Amino acid sequence: MTTTPTPLTGPSGQSPARGPLLLPVLLTVQFLVSLDMSVVNIALPDMGDDLGFAPESLTWVVNAYALAFGGLLMLGGRLADLAGRRRTLVAGFLVFGAASLLGGLAQGPGQLIAARAVQGAGAAALAPVALALITVHFTAGRARARALGLWGASGALGGAVGVMAGGLLTDWAGWRSVMLINVPVVLVALAASRSGVPADRRAGAAPRLDVSGALLVTAGTSVLVLGLVRTEAHGWGSVATVGTLTAAAVLLGAFCAVERRGERRGSGPLLRLGLLGHRPVLSANVFALLMSSGQFAAFYFTSLYLQDVMAYGPTRAGAAFLPFCAGVVAGTVIATRTVGRVGERALLVTGGLLGAAGFAWFALAVEAGGTFAGSVLGPSLVAAVGIGMCFVPLGAAATSGVAAGETGMASGLLNTSRQLGGSIGLAVLVTVASSATGAGGGPGALADGFAAAFGVAAGLLVAAALATAVLHGRRRAPAPSAAIPSRPAQTYVSEKSSKNPGEGVDPGVSRSTHE
(Lines give C-alpha, C1' and ligand atoms only; values in the text may rest on other atoms or scores of the structure.)
Protein backbone atom coordinates (compact mmCIF):
# COMPACT_ATOMS: atom_id res chain seq x y z
CA MET A 1 0.00 0.00 0.00
CA THR A 2 1.38 3.42 -0.91
CA THR A 3 0.38 6.93 -0.12
CA THR A 4 0.20 9.99 -2.31
CA PRO A 5 -0.05 13.42 -0.66
CA THR A 6 -3.28 15.12 -1.67
CA PRO A 7 -3.71 18.69 -2.91
CA LEU A 8 -4.12 21.70 -0.64
CA THR A 9 -7.69 22.33 -1.69
CA GLY A 10 -10.44 19.88 -2.26
CA PRO A 11 -13.13 19.92 -4.89
CA SER A 12 -15.04 22.55 -2.98
CA GLY A 13 -12.06 24.88 -2.98
CA GLN A 14 -12.46 25.38 0.75
CA SER A 15 -9.69 25.72 3.30
CA PRO A 16 -9.61 24.50 6.90
CA ALA A 17 -11.39 26.58 9.54
CA ARG A 18 -9.35 29.38 11.06
CA GLY A 19 -9.77 31.92 13.85
CA PRO A 20 -9.56 35.71 13.51
CA LEU A 21 -6.21 35.82 15.33
CA LEU A 22 -4.40 33.45 12.96
CA LEU A 23 -3.31 36.05 10.42
CA PRO A 24 -2.14 38.61 13.05
CA VAL A 25 0.01 35.90 14.65
CA LEU A 26 1.56 34.93 11.31
CA LEU A 27 2.24 38.55 10.39
CA THR A 28 3.92 39.03 13.76
CA VAL A 29 6.17 36.07 12.97
CA GLN A 30 7.31 37.51 9.66
CA PHE A 31 7.78 40.99 11.12
CA LEU A 32 9.87 39.74 14.06
CA VAL A 33 12.09 37.51 11.96
CA SER A 34 12.92 40.34 9.55
CA LEU A 35 13.18 42.95 12.29
CA ASP A 36 15.87 41.07 14.16
CA MET A 37 18.04 40.71 11.07
CA SER A 38 18.51 44.50 10.95
CA VAL A 39 17.58 45.98 14.33
CA VAL A 40 20.97 45.31 15.96
CA ASN A 41 23.08 46.91 13.22
CA ILE A 42 22.91 50.48 14.50
CA ALA A 43 23.31 49.28 18.11
CA LEU A 44 26.58 47.42 17.40
CA PRO A 45 28.96 50.21 18.51
CA ASP A 46 27.18 50.57 21.86
CA MET A 47 27.16 46.79 22.33
CA GLY A 48 30.89 46.67 21.65
CA ASP A 49 31.72 49.48 24.07
CA ASP A 50 29.55 48.15 26.89
CA LEU A 51 30.52 44.47 26.71
CA GLY A 52 34.14 44.89 25.65
CA PHE A 53 34.00 43.31 22.21
CA ALA A 54 37.19 43.07 20.19
CA PRO A 55 36.69 44.95 16.89
CA GLU A 56 37.02 41.79 14.80
CA SER A 57 34.42 39.88 16.82
CA LEU A 58 31.63 42.48 16.88
CA THR A 59 30.24 41.42 13.51
CA TRP A 60 29.45 38.01 15.00
CA VAL A 61 26.46 39.58 16.73
CA VAL A 62 24.97 39.75 13.22
CA ASN A 63 26.64 36.68 11.75
CA ALA A 64 25.60 34.31 14.55
CA TYR A 65 21.93 35.03 13.82
CA ALA A 66 22.43 34.69 10.06
CA LEU A 67 24.28 31.37 10.40
CA ALA A 68 21.71 29.72 12.65
CA PHE A 69 18.78 31.11 10.71
CA GLY A 70 20.09 30.17 7.28
CA GLY A 71 21.35 26.77 8.37
CA LEU A 72 18.19 25.57 10.10
CA LEU A 73 15.43 26.84 7.80
CA MET A 74 14.99 23.57 5.90
CA LEU A 75 14.84 21.63 9.16
CA GLY A 76 12.35 24.10 10.63
CA GLY A 77 10.11 23.81 7.60
CA ARG A 78 10.08 20.03 7.66
CA LEU A 79 9.43 19.91 11.42
CA ALA A 80 6.26 21.88 10.78
CA ASP A 81 5.07 19.06 8.50
CA LEU A 82 6.10 16.25 10.83
CA ALA A 83 5.69 17.53 14.40
CA GLY A 84 2.73 19.80 13.70
CA ARG A 85 2.46 23.42 12.66
CA ARG A 86 1.18 24.90 15.92
CA ARG A 87 3.70 22.91 17.97
CA THR A 88 6.53 24.19 15.78
CA LEU A 89 5.19 27.75 15.95
CA VAL A 90 4.92 27.72 19.74
CA ALA A 91 8.35 26.13 20.13
CA GLY A 92 9.84 28.75 17.82
CA PHE A 93 8.28 31.58 19.81
CA LEU A 94 9.56 30.14 23.10
CA VAL A 95 13.11 29.75 21.81
CA PHE A 96 13.10 33.18 20.14
CA GLY A 97 11.69 34.94 23.21
CA ALA A 98 14.03 33.21 25.68
CA ALA A 99 17.05 34.02 23.53
CA SER A 100 15.96 37.67 23.26
CA LEU A 101 15.70 37.89 27.05
CA LEU A 102 19.10 36.28 27.58
CA GLY A 103 20.65 38.55 24.95
CA GLY A 104 19.24 41.63 26.65
CA LEU A 105 20.74 40.50 29.96
CA ALA A 106 24.11 39.39 28.52
CA GLN A 107 27.18 40.36 30.53
CA GLY A 108 29.86 39.46 28.01
CA PRO A 109 30.49 39.05 24.27
CA GLY A 110 30.17 35.26 24.32
CA GLN A 111 26.77 35.39 26.00
CA LEU A 112 25.38 37.88 23.49
CA ILE A 113 26.71 35.97 20.47
CA ALA A 114 25.29 32.70 21.84
CA ALA A 115 21.91 34.36 22.44
CA ARG A 116 21.84 35.66 18.89
CA ALA A 117 22.59 32.18 17.54
CA VAL A 118 19.73 30.68 19.56
CA GLN A 119 17.51 33.53 18.43
CA GLY A 120 18.31 32.62 14.82
CA ALA A 121 17.37 28.99 15.53
CA GLY A 122 14.00 30.10 16.87
CA ALA A 123 13.46 32.27 13.80
CA ALA A 124 14.28 29.29 11.55
CA ALA A 125 11.33 27.43 13.08
CA LEU A 126 9.00 30.42 12.86
CA ALA A 127 9.58 31.66 9.31
CA PRO A 128 8.64 28.51 7.32
CA VAL A 129 5.63 27.62 9.45
CA ALA A 130 4.07 31.04 8.88
CA LEU A 131 3.94 30.58 5.10
CA ALA A 132 2.82 26.95 5.49
CA LEU A 133 -0.12 27.99 7.69
CA ILE A 134 -1.17 30.67 5.20
CA THR A 135 -1.09 28.14 2.37
CA VAL A 136 -3.18 25.59 4.27
CA HIS A 137 -5.69 27.84 6.02
CA PHE A 138 -6.51 30.49 3.42
CA THR A 139 -8.63 29.67 0.38
CA ALA A 140 -6.84 29.94 -2.96
CA GLY A 141 -7.89 33.20 -4.58
CA ARG A 142 -8.46 36.60 -3.04
CA ALA A 143 -8.25 35.47 0.60
CA ARG A 144 -4.88 33.80 0.13
CA ALA A 145 -3.59 36.63 -2.07
CA ARG A 146 -4.46 39.15 0.63
CA ALA A 147 -2.79 37.04 3.33
CA LEU A 148 0.34 36.57 1.20
CA GLY A 149 0.45 40.29 0.47
CA LEU A 150 0.32 41.16 4.15
CA TRP A 151 2.87 38.41 4.90
CA GLY A 152 5.33 39.82 2.37
CA ALA A 153 4.74 43.40 3.47
CA SER A 154 5.32 42.42 7.10
CA GLY A 155 8.72 41.00 6.23
CA ALA A 156 9.77 44.06 4.24
CA LEU A 157 8.44 46.41 6.89
CA GLY A 158 10.23 44.46 9.61
CA GLY A 159 13.55 44.98 7.86
CA ALA A 160 12.90 48.68 7.30
CA VAL A 161 11.47 49.32 10.76
CA GLY A 162 14.44 47.44 12.23
CA VAL A 163 16.80 50.13 10.98
CA MET A 164 14.60 52.89 12.39
CA ALA A 165 13.79 51.12 15.67
CA GLY A 166 17.44 50.22 16.22
CA GLY A 167 18.38 53.90 16.13
CA LEU A 168 15.49 55.07 18.28
CA LEU A 169 15.84 52.38 20.92
CA THR A 170 19.61 52.72 21.15
CA ASP A 171 19.40 56.52 21.47
CA TRP A 172 16.57 56.54 24.00
CA ALA A 173 16.81 53.32 26.02
CA GLY A 174 20.23 51.76 25.38
CA TRP A 175 21.28 48.78 23.30
CA ARG A 176 19.71 46.19 25.62
CA SER A 177 16.25 47.42 24.66
CA VAL A 178 16.95 46.27 21.09
CA MET A 179 16.90 42.68 22.37
CA LEU A 180 14.36 43.01 25.18
CA ILE A 181 11.68 44.63 23.00
CA ASN A 182 11.00 41.19 21.51
CA VAL A 183 9.94 39.66 24.83
CA PRO A 184 6.53 41.35 25.29
CA VAL A 185 5.76 40.90 21.59
CA VAL A 186 6.47 37.16 21.84
CA LEU A 187 4.35 36.83 25.00
CA VAL A 188 1.36 38.46 23.28
CA ALA A 189 1.87 36.30 20.19
CA LEU A 190 2.03 33.13 22.32
CA ALA A 191 -1.22 34.03 24.05
CA ALA A 192 -2.88 34.73 20.69
CA SER A 193 -1.55 31.44 19.30
CA ARG A 194 -3.49 29.41 21.87
CA SER A 195 -6.83 30.44 20.41
CA GLY A 196 -5.83 31.77 17.00
CA VAL A 197 -3.83 28.86 15.56
CA PRO A 198 -5.69 25.55 15.06
CA ALA A 199 -4.39 22.72 17.23
CA ASP A 200 -2.47 19.86 15.64
CA ARG A 201 -4.14 16.48 15.32
CA ARG A 202 -2.23 13.57 13.89
CA ALA A 203 -3.62 11.93 10.75
CA GLY A 204 -1.49 9.03 9.61
CA ALA A 205 1.52 7.06 10.79
CA ALA A 206 4.10 8.39 13.22
CA PRO A 207 6.46 10.94 11.67
CA ARG A 208 9.99 10.09 10.60
CA LEU A 209 12.60 12.80 10.35
CA ASP A 210 15.33 12.51 7.73
CA VAL A 211 18.17 12.92 10.25
CA SER A 212 21.06 12.50 7.80
CA GLY A 213 19.50 15.01 5.42
CA ALA A 214 18.87 17.46 8.26
CA LEU A 215 22.49 17.24 9.43
CA LEU A 216 23.91 17.66 5.93
CA VAL A 217 21.73 20.60 4.86
CA THR A 218 22.23 22.37 8.19
CA ALA A 219 25.98 21.94 8.00
CA GLY A 220 26.14 22.80 4.29
CA THR A 221 24.07 25.98 4.44
CA SER A 222 25.77 27.13 7.66
CA VAL A 223 29.23 26.64 6.18
CA LEU A 224 28.14 28.42 2.99
CA VAL A 225 26.83 31.44 4.93
CA LEU A 226 29.99 31.40 7.06
CA GLY A 227 32.18 31.51 3.97
CA LEU A 228 30.16 34.35 2.50
CA VAL A 229 30.04 36.57 5.58
CA ARG A 230 33.83 36.29 5.99
CA THR A 231 34.71 37.35 2.43
CA GLU A 232 35.05 41.00 3.45
CA ALA A 233 37.74 40.10 5.98
CA HIS A 234 39.51 37.28 4.11
CA GLY A 235 38.87 38.04 0.43
CA TRP A 236 37.38 35.75 -2.21
CA GLY A 237 40.69 34.18 -3.21
CA SER A 238 41.96 33.38 0.28
CA VAL A 239 42.53 29.84 1.45
CA ALA A 240 39.92 30.32 4.18
CA THR A 241 37.21 31.43 1.75
CA VAL A 242 37.94 28.89 -0.97
CA GLY A 243 38.21 26.07 1.56
CA THR A 244 34.96 27.03 3.29
CA LEU A 245 32.97 27.37 0.08
CA THR A 246 34.38 24.09 -1.23
CA ALA A 247 33.36 22.33 1.98
CA ALA A 248 29.86 23.82 1.65
CA ALA A 249 29.59 22.55 -1.93
CA VAL A 250 30.61 19.04 -0.87
CA LEU A 251 28.13 18.98 2.02
CA LEU A 252 25.25 20.27 -0.09
CA GLY A 253 26.12 17.84 -2.88
CA ALA A 254 26.01 14.99 -0.37
CA PHE A 255 22.65 16.30 0.88
CA CYS A 256 21.20 16.18 -2.65
CA ALA A 257 22.48 12.63 -3.10
CA VAL A 258 20.93 11.51 0.20
CA GLU A 259 17.61 13.17 -0.63
CA ARG A 260 17.52 11.60 -4.10
CA ARG A 261 18.15 8.19 -2.57
CA GLY A 262 15.40 8.85 -0.02
CA GLU A 263 12.97 9.68 -2.80
CA ARG A 264 13.75 6.46 -4.64
CA ARG A 265 13.30 4.41 -1.48
CA GLY A 266 10.16 6.29 -0.42
CA SER A 267 11.64 7.02 3.00
CA GLY A 268 10.41 10.59 3.44
CA PRO A 269 13.31 12.94 2.57
CA LEU A 270 13.80 16.32 4.23
CA LEU A 271 13.53 17.93 0.78
CA ARG A 272 11.79 16.11 -2.05
CA LEU A 273 13.89 17.27 -4.98
CA GLY A 274 10.97 16.54 -7.27
CA LEU A 275 9.41 19.78 -5.99
CA LEU A 276 11.93 21.66 -8.10
CA GLY A 277 10.66 19.82 -11.16
CA HIS A 278 7.43 21.80 -10.77
CA ARG A 279 8.02 24.96 -12.81
CA PRO A 280 6.27 27.52 -10.53
CA VAL A 281 8.16 26.22 -7.48
CA LEU A 282 11.49 26.28 -9.33
CA SER A 283 10.93 29.77 -10.74
CA ALA A 284 9.85 31.10 -7.33
CA ASN A 285 13.03 29.89 -5.66
CA VAL A 286 15.28 31.18 -8.44
CA PHE A 287 13.48 34.53 -8.30
CA ALA A 288 13.77 34.66 -4.49
CA LEU A 289 17.50 33.90 -4.63
CA LEU A 290 18.23 36.61 -7.21
CA MET A 291 15.85 39.24 -5.85
CA SER A 292 17.15 38.84 -2.29
CA SER A 293 20.72 39.08 -3.56
CA GLY A 294 19.97 42.55 -4.88
CA GLN A 295 17.37 43.71 -2.36
CA PHE A 296 19.21 42.96 0.90
CA ALA A 297 22.47 44.46 -0.34
CA ALA A 298 20.75 47.58 -1.71
CA PHE A 299 19.03 48.04 1.65
CA TYR A 300 22.43 47.84 3.36
CA PHE A 301 24.06 50.34 1.01
CA THR A 302 21.17 52.79 1.33
CA SER A 303 21.74 52.83 5.10
CA LEU A 304 25.47 53.42 4.60
CA TYR A 305 24.86 56.18 2.06
CA LEU A 306 22.52 58.00 4.43
CA GLN A 307 24.94 57.82 7.37
CA ASP A 308 28.42 57.89 5.81
CA VAL A 309 27.82 60.25 2.88
CA MET A 310 24.79 62.35 3.82
CA ALA A 311 25.85 62.41 7.52
CA TYR A 312 22.44 61.36 8.87
CA GLY A 313 22.26 60.24 12.49
CA PRO A 314 20.78 56.83 13.39
CA THR A 315 17.25 58.09 14.06
CA ARG A 316 17.11 60.31 10.99
CA ALA A 317 18.52 57.54 8.80
CA GLY A 318 15.85 55.17 10.08
CA ALA A 319 13.11 57.71 9.35
CA ALA A 320 14.42 58.01 5.78
CA PHE A 321 13.25 54.42 5.19
CA LEU A 322 9.58 55.34 5.72
CA PRO A 323 9.00 55.93 1.96
CA PHE A 324 10.33 52.44 1.34
CA CYS A 325 7.74 51.07 3.78
CA ALA A 326 4.98 53.01 2.03
CA GLY A 327 6.12 51.76 -1.37
CA VAL A 328 6.10 48.12 -0.24
CA VAL A 329 2.56 48.49 1.09
CA ALA A 330 1.44 50.06 -2.20
CA GLY A 331 3.07 47.26 -4.19
CA THR A 332 1.41 44.52 -2.14
CA VAL A 333 -1.99 46.17 -2.53
CA ILE A 334 -1.52 46.26 -6.30
CA ALA A 335 -0.48 42.60 -6.35
CA THR A 336 -3.33 41.47 -4.11
CA ARG A 337 -5.89 43.09 -6.39
CA THR A 338 -4.41 41.96 -9.69
CA VAL A 339 -2.83 38.53 -9.17
CA GLY A 340 -6.09 36.74 -9.96
CA ARG A 341 -6.37 38.54 -13.31
CA VAL A 342 -2.78 38.75 -14.57
CA GLY A 343 -1.22 35.72 -12.85
CA GLU A 344 1.93 35.10 -10.84
CA ARG A 345 4.34 35.18 -13.78
CA ALA A 346 3.30 38.62 -15.03
CA LEU A 347 3.47 40.16 -11.56
CA LEU A 348 6.91 38.71 -10.80
CA VAL A 349 8.32 39.91 -14.12
CA THR A 350 6.77 43.38 -13.76
CA GLY A 351 7.72 43.75 -10.12
CA GLY A 352 11.26 42.56 -10.75
CA LEU A 353 11.79 45.01 -13.60
CA LEU A 354 10.28 47.88 -11.60
CA GLY A 355 12.54 47.07 -8.65
CA ALA A 356 15.50 46.97 -11.03
CA ALA A 357 14.53 50.42 -12.35
CA GLY A 358 14.53 51.77 -8.81
CA PHE A 359 18.00 50.39 -8.08
CA ALA A 360 19.29 51.69 -11.42
CA TRP A 361 17.93 55.11 -10.47
CA PHE A 362 19.85 54.84 -7.19
CA ALA A 363 23.02 54.06 -9.15
CA LEU A 364 22.60 57.30 -11.11
CA ALA A 365 21.41 59.46 -8.20
CA VAL A 366 23.78 58.74 -5.31
CA GLU A 367 26.54 61.33 -5.10
CA ALA A 368 28.59 63.14 -2.50
CA GLY A 369 26.36 66.21 -2.53
CA GLY A 370 23.10 64.31 -2.81
CA THR A 371 19.89 65.22 -1.03
CA PHE A 372 17.09 63.07 0.31
CA ALA A 373 14.62 64.40 -2.26
CA GLY A 374 17.03 64.08 -5.18
CA SER A 375 18.96 60.90 -4.38
CA VAL A 376 16.79 58.73 -2.11
CA LEU A 377 13.06 59.46 -2.21
CA GLY A 378 12.26 58.68 -5.84
CA PRO A 379 14.45 55.55 -6.17
CA SER A 380 13.15 54.22 -2.83
CA LEU A 381 9.53 54.50 -3.90
CA VAL A 382 10.05 52.90 -7.31
CA ALA A 383 12.15 50.02 -5.98
CA ALA A 384 9.80 49.44 -3.04
CA VAL A 385 6.64 49.30 -5.17
CA GLY A 386 8.32 46.78 -7.48
CA ILE A 387 9.54 44.61 -4.62
CA GLY A 388 6.17 44.83 -2.88
CA MET A 389 4.46 43.55 -6.03
CA CYS A 390 6.52 40.36 -5.86
CA PHE A 391 5.58 39.00 -2.43
CA VAL A 392 2.07 37.77 -3.25
CA PRO A 393 2.98 35.87 -6.45
CA LEU A 394 6.24 34.63 -4.90
CA GLY A 395 4.51 32.97 -1.96
CA ALA A 396 1.78 31.60 -4.20
CA ALA A 397 4.19 30.16 -6.78
CA ALA A 398 6.49 28.63 -4.15
CA THR A 399 3.61 26.55 -2.75
CA SER A 400 1.70 26.03 -6.00
CA GLY A 401 0.47 22.45 -6.32
CA VAL A 402 2.32 21.38 -3.17
CA ALA A 403 0.61 18.70 -1.10
CA ALA A 404 -0.61 19.60 2.40
CA GLY A 405 2.01 17.41 4.06
CA GLU A 406 4.81 19.22 2.20
CA THR A 407 3.86 22.88 2.71
CA GLY A 408 6.49 23.28 5.45
CA MET A 409 9.06 21.70 3.15
CA ALA A 410 8.23 24.14 0.35
CA SER A 411 8.16 27.09 2.75
CA GLY A 412 11.53 26.14 4.22
CA LEU A 413 12.96 25.88 0.71
CA LEU A 414 11.72 29.37 -0.23
CA ASN A 415 13.02 30.93 2.98
CA THR A 416 16.38 29.22 2.51
CA SER A 417 16.60 30.61 -1.04
CA ARG A 418 15.86 34.09 0.26
CA GLN A 419 18.39 33.88 3.09
CA LEU A 420 21.16 32.43 0.93
CA GLY A 421 20.42 35.03 -1.74
CA GLY A 422 20.79 37.81 0.79
CA SER A 423 24.11 36.44 2.06
CA ILE A 424 25.49 35.89 -1.45
CA GLY A 425 24.36 39.29 -2.69
CA LEU A 426 25.76 41.18 0.27
CA ALA A 427 29.13 39.43 0.01
CA VAL A 428 29.40 40.06 -3.73
CA LEU A 429 28.18 43.65 -3.67
CA VAL A 430 30.43 44.62 -0.75
CA THR A 431 33.34 43.46 -2.91
CA VAL A 432 31.98 45.46 -5.87
CA ALA A 433 31.58 48.59 -3.75
CA SER A 434 35.06 48.24 -2.23
CA SER A 435 36.65 47.84 -5.66
CA ALA A 436 34.85 50.89 -7.05
CA THR A 437 35.69 52.97 -4.00
CA GLY A 438 39.41 52.28 -4.40
CA ALA A 439 41.93 53.81 -2.03
CA GLY A 440 39.88 56.97 -1.51
CA GLY A 441 37.77 57.21 1.60
CA GLY A 442 35.94 60.51 1.14
CA PRO A 443 32.21 60.96 0.44
CA GLY A 444 32.78 61.07 -3.31
CA ALA A 445 34.67 57.77 -3.37
CA LEU A 446 32.10 56.11 -1.11
CA ALA A 447 29.26 57.33 -3.31
CA ASP A 448 31.00 55.88 -6.37
CA GLY A 449 31.28 52.51 -4.63
CA PHE A 450 27.65 52.53 -3.56
CA ALA A 451 26.56 53.49 -7.08
CA ALA A 452 28.41 50.50 -8.51
CA ALA A 453 26.73 48.20 -5.98
CA PHE A 454 23.28 49.57 -6.82
CA GLY A 455 23.98 48.97 -10.51
CA VAL A 456 24.77 45.31 -9.87
CA ALA A 457 21.66 45.01 -7.68
CA ALA A 458 19.58 46.30 -10.59
CA GLY A 459 21.14 43.67 -12.84
CA LEU A 460 20.26 40.92 -10.36
CA LEU A 461 16.59 41.91 -10.39
CA VAL A 462 16.57 42.01 -14.19
CA ALA A 463 18.02 38.48 -14.13
CA ALA A 464 15.28 37.43 -11.68
CA ALA A 465 12.56 38.77 -13.98
CA LEU A 466 14.06 37.08 -17.05
CA ALA A 467 14.46 33.76 -15.21
CA THR A 468 10.81 33.84 -14.20
CA ALA A 469 9.70 34.67 -17.73
CA VAL A 470 11.52 31.57 -18.98
CA LEU A 471 10.98 29.10 -16.12
CA HIS A 472 7.51 29.77 -14.79
CA GLY A 473 5.44 29.04 -17.88
CA ARG A 474 2.36 30.90 -19.03
CA ARG A 475 -0.11 28.70 -17.23
CA ARG A 476 -0.03 27.08 -13.84
CA ALA A 477 1.24 23.54 -14.17
CA PRO A 478 -0.54 20.63 -12.51
CA ALA A 479 0.57 19.53 -9.08
CA PRO A 480 3.86 17.68 -9.12
CA SER A 481 3.68 13.95 -8.64
CA ALA A 482 4.91 13.03 -5.20
CA ALA A 483 7.59 10.54 -4.47
CA ILE A 484 5.90 7.43 -3.10
CA PRO A 485 6.90 6.88 0.53
CA SER A 486 7.10 3.45 2.04
CA ARG A 487 4.41 4.28 4.56
CA PRO A 488 1.65 6.90 4.96
CA ALA A 489 2.97 10.42 5.25
CA GLN A 490 2.40 12.31 8.49
CA THR A 491 0.00 15.22 8.17
CA TYR A 492 -1.79 17.42 10.68
CA VAL A 493 -5.21 19.02 10.67
CA SER A 494 -6.85 21.57 12.91
CA GLU A 495 -8.69 20.23 15.93
CA LYS A 496 -11.91 22.01 15.01
CA SER A 497 -11.76 20.86 11.41
CA SER A 498 -11.25 17.21 12.28
CA LYS A 499 -14.34 17.16 14.45
CA ASN A 500 -16.55 18.50 11.67
CA PRO A 501 -15.41 17.01 8.40
CA GLY A 502 -17.06 18.65 5.47
CA GLU A 503 -17.72 21.98 7.21
CA GLY A 504 -15.18 24.24 5.56
CA VAL A 505 -12.55 21.52 5.71
CA ASP A 506 -10.12 20.72 2.96
CA PRO A 507 -10.20 16.97 2.42
CA GLY A 508 -6.68 17.12 1.07
CA VAL A 509 -5.40 18.31 4.41
CA SER A 510 -7.25 15.92 6.65
CA ARG A 511 -6.47 12.59 5.04
CA SER A 512 -4.17 10.73 2.67
CA THR A 513 -5.25 8.93 -0.48
CA HIS A 514 -4.35 5.26 -0.61
CA GLU A 515 -3.79 3.59 -3.92
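By convention here, the first residue in the shown sequence is residue 1. Everything numeric here is computed off the predicted structure, so don't read it as measured data.
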**Request:** For Ser283, check side chain to side chain contact (heavy atoms under 4.5 Å, CB included) against everything at least two apart and list the hits.
**Result:** Leu471, His472
**Asked** With sequence neighbours left out, what residues match Ala469 under side chain to side chain contact (heavy atoms under 4.5 Å, CB included)?
**Response** Arg345, Val349
**Item:** Nearest heavy-atom neighbours spanning Leu133 and Phe138
**Value:** O-CD1, 4.3 Å
**Message:** Does either side chain, that of Arg230 or that of Ser238, offer a donor lying less than 3.5 Å from an acceptor on the other one?
**Reply:** no
**Request:** Could you pull out all residues at least two apart from Phe296 that satisfy ring pair (Phe, Tyr, Trp, His ring centres under 6.0 Å)?
**Result:** none
**Request:** Consider only side-chain N and O atoms of Ser303 and Gln307, and report whether a donor and an acceptor are under 3.5 Å apart.
**Result:** yes
**Centroid separation Phe372 to Tyr312 less than 6.0 Å** = no
**Request:** Search all heavy atoms of Gly220 against all heavy atoms of Ala248 and return the closest pair with its distance.
**Result:** O-CB, 3.7 Å
**Request:** Apply side chain to side chain contact (heavy atoms under 4.5 Å, CB included) to Val342 and list each qualifying residue two or more places apart in sequence or on a separate chain.
**Result:** Thr338, Ala346, Leu347
**Message:** Tell me every residue that passes side chain to side chain contact (heavy atoms under 4.5 Å, CB included) with Val430, counting only those two or more places apart in sequence or in another chain.
**Reply:** Glu232, Tyr300, Phe301, Leu426, Ser434
**Request:** Under the ring pair (Phe, Tyr, Trp, His ring centres under 6.0 Å) rule, collect the residues that match up with Phe287, sequence neighbours excluded.
**Result:** none
**Message:** Please tell me whether Ser100 and Gln119 have a donor and an acceptor in their side chains that are separated by less than 3.5 angstrom.
**Reply:** yes
